[in-house]
Amino acid sequence: MNRRAIMGLAAAAGAMPLVGWTAGSRAFAADGPAFANGIVPANYVGGDGSYAKYVKDGIRLGLIESFPVNYVDKATGKRTGWNTDIVLAALDKCGITKIDYVEGPWESMVPGLQSARFDLLASDVHVTPERVQIIDFSIPVFWYGDILVVPKGNPAGLTTWDSLAGHTIGSALGVPYTDWLNARTDLKGHPIYKDNQTAVSDLVAGRIDGYLAEDANFTGFLSQNKDLPVDIVASYVPHSGLSEWTRFGIRKGENDFNNVFSHAIAEMFIDGTTLAILQKYGLGQRNLFVIPGMK
């Protein structure tokens, strides 16, 4: 494992919130399966009763219907997607088997969690100073930020942030990458796109040399357009901050559940479960071990 991988692992594991945990506490135990190393997440409870409640009564997941993050597979009728799969795998390890799904738009997610319309956000939510005041968060799960997309073969030879100088680089409306590119004075041009389809059309036609895209969003787009003649530049180091680690929102103060759920997520990070789920959808190691600015 290289330095980037080691530091990425340390960053994710070190951020794990063990709020309210009492060492050795076994106030409540469920029948969740142990990991190969013998750790049973259900043992990590404190005393607020939230975990025991969800084992007994079930849990309601708040989510946004969006391929390939959270969606219903038309062939099987089952809910899937990378966030859904990760959450369900963790809940299985926690021994929580009664699960209901509550769909809604993005703007309903945090308020719905606060009002107990649902109990866990299965659509990822990033940490902000404002959000930590009103909801709690799981341990970091996986990371995504900016990626550099180029025409097949990378004719302009773009490799790094610095290599963008003198070229026409596109970005999407509403992402921070657009502000970063706007602040540069050395670009030949910087068109802004409302959707990936339009951007890729210009990329393939040679009207732009590169496209700074959101990793997870663009990967989902590629999964539905697998024959597009574009490449993702492997050497490009993302500039997105550490706030871009995906986490799952938990109601404020439900520390028992947070501890158990986060322990399950941590073990899944280590035993390969999370990586296998991400790879199923076209994400991968870059989403677990990339720390912005590291080489």
Side-chain angles (χ1 to χ4, degrees), residues 3-5 7-8 11-12 15 66 69 106-107 123-132 137 140-222 228 230-247 278 282-295:
R3 179 170 175 264
R4 175 181 290 180
M7 291 301 293
S66 176
V69 185
W106 165 246
E107 57 269 21
S123 289
D124 64 89
V125 57
H126 294 161
V127 172
T128 67
E130 295 76 24
R131 287 179 186 150
V132 297
F137 292 88
V141 184
F142 66 95
W143 187 91
Y144 63 85
D146 50 308
I147 56 172
L148 178 58
V149 186
V150 295
K152 199 75 176 177
N154 195 6
L158 304 179
T159 55
T160 65
W161 174 259
D162 291 340
S163 74
L164 304 183
H167 295 281
T168 301
I169 307 298
S171 65
L173 185 67
V175 297
Y177 329 141
T178 294
D179 295 334
W180 306 340
L181 292 172
N182 277 337
R184 294 184 62 153
T185 60
D186 58 354
L187 298 179
K188 183 178 179 181
H190 174 215
I192 300 171
Y193 297 93
K194 292 183 178 180
D195 57 74
N196 288 318
Q197 183 64 60
T198 307
V200 168
S201 294
D202 278 3
L203 193 66
V204 173
R207 288 186 284 269
I208 59 176
D209 302 309
Y211 176 52
L212 216 57
E214 181 191 69
D215 187 357
N217 180 285
F218 194 80
T219 298
F221 170 73
L222 280 184
L228 289 174
V230 299
D231 291 324
I232 296 174
V233 178
S235 62
Y236 176 78
V237 177
H239 281 241
S240 297
L242 290 178
S243 64
E244 301 304 315
W245 277 88
T246 286
R247 302 171 189 249
L278 294 179
L283 300 173
Q285 291 186 12
R286 69 182 185 274
N287 305 103
L288 294 180
F289 301 123
V290 172
I291 296 299
M294 289 191 65
K295 298 180 179 180

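Computation of the quantities below employed the complete heavy-atom set of this structure, encompassing side-chain atoms and omitting hydrogens, waters and symmetry-equivalent molecules.
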Non-hydrogen atoms of W106 and D124 that approach each other most closely:
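For W106 and D124, the tightest heavy-atom pair comes out as CZ3-O, 3.7 Å.
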Heavy-atom closest contact (V141 atom, R247 atom, distance):
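Nearest pair, atom of V141 first, then R247: CG2-CA, 4.3 Å.
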Between T178 and N182, is there a side-chain donor-acceptor contact under 3.5 Å, judged purely by atom types and distance?
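Judged by distance alone, the side chains do not pair up.
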Using distance alone, with no hydrogens and no angle criterion, decide if Y211 and D202 have a side-chain donor and acceptor under 3.5 Å apart.
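No, D202 and Y211 have no side-chain donor paired with an acceptor closer than 3.5 Å.
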Between atom [atom1] of [X] and atom [atom2] of [Y], what is the distance when rounded to the nearest 0.5 Å?
| X | Y | atom1 | atom2 | result |
| --- | --- | --- | --- | --- |
| L187 | L181 | CG | CG | 6.0 Å |
| T168 | L164 | OG1 | CG | 11.0 Å |
| N196 | E214 | CG | CD | 8.5 Å |
| L283 | F142 | CG | CZ | 6.5 Å |
| I169 | L203 | CD1 | CG | 9.0 Å |
| I208 | Y193 | CD1 | OH | 4.0 Å |

Less than 4.5 Å apart, side chain to side chain, heavy atoms only: is that true for V127 and W245?
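Sidechains of W245 and V127: no contact.
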Just so I know, are the side chains of L148 and L212 near enough to count as touching, which here means a heavy-atom distance under 4.5 Å?
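L148 vs L212: side chains touch.
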Judged by atom type as modelled, is there a donor-acceptor pair below 3.5 Å linking the side chain of N287 to the main-chain atoms of W143?
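Between the backbone of W143 and the side chain of N287 there is a qualifying donor-acceptor contact (under 3.5 Å).
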Answer yes or no: is there a donor N or O on one side and an acceptor on the other, between the side chain of S235 and the main chain of T159, under 3.5 Å?
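Yes; judged by distance alone, with no hydrogens or angles, the pair exists.
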Give the C-alpha distance, both sets of side-chain angles, the deciding distance and a yes or no for side chain to side chain contact (heavy atoms under 4.5 Å, CB included) between Y144 and T219.
CA-CA 10 Å; Y144 63 85; T219 298; over 6 Å; no
Candidate pair N217 and V175, rule side chain to side chain contact (heavy atoms under 4.5 Å, CB included), full reasoning
CA-CA 11 Å; N217 180 285; V175 297; over 6 Å; no
With a 4.0 Å cut-off, would you call D209 and K188 a salt bridge?
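Result for this pair is no, no salt bridge flagged.
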When D146 is tested against each of Y177, W180, Y236, W161 for side-chain hydrogen bond (donor to acceptor under 3.5 Å, both in side chains), which residue passes?
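With D146 as partner, Y177, W180, Y236, W161 yield a single side-chain hydrogen bond (donor to acceptor under 3.5 Å, both in side chains), made by Y236.
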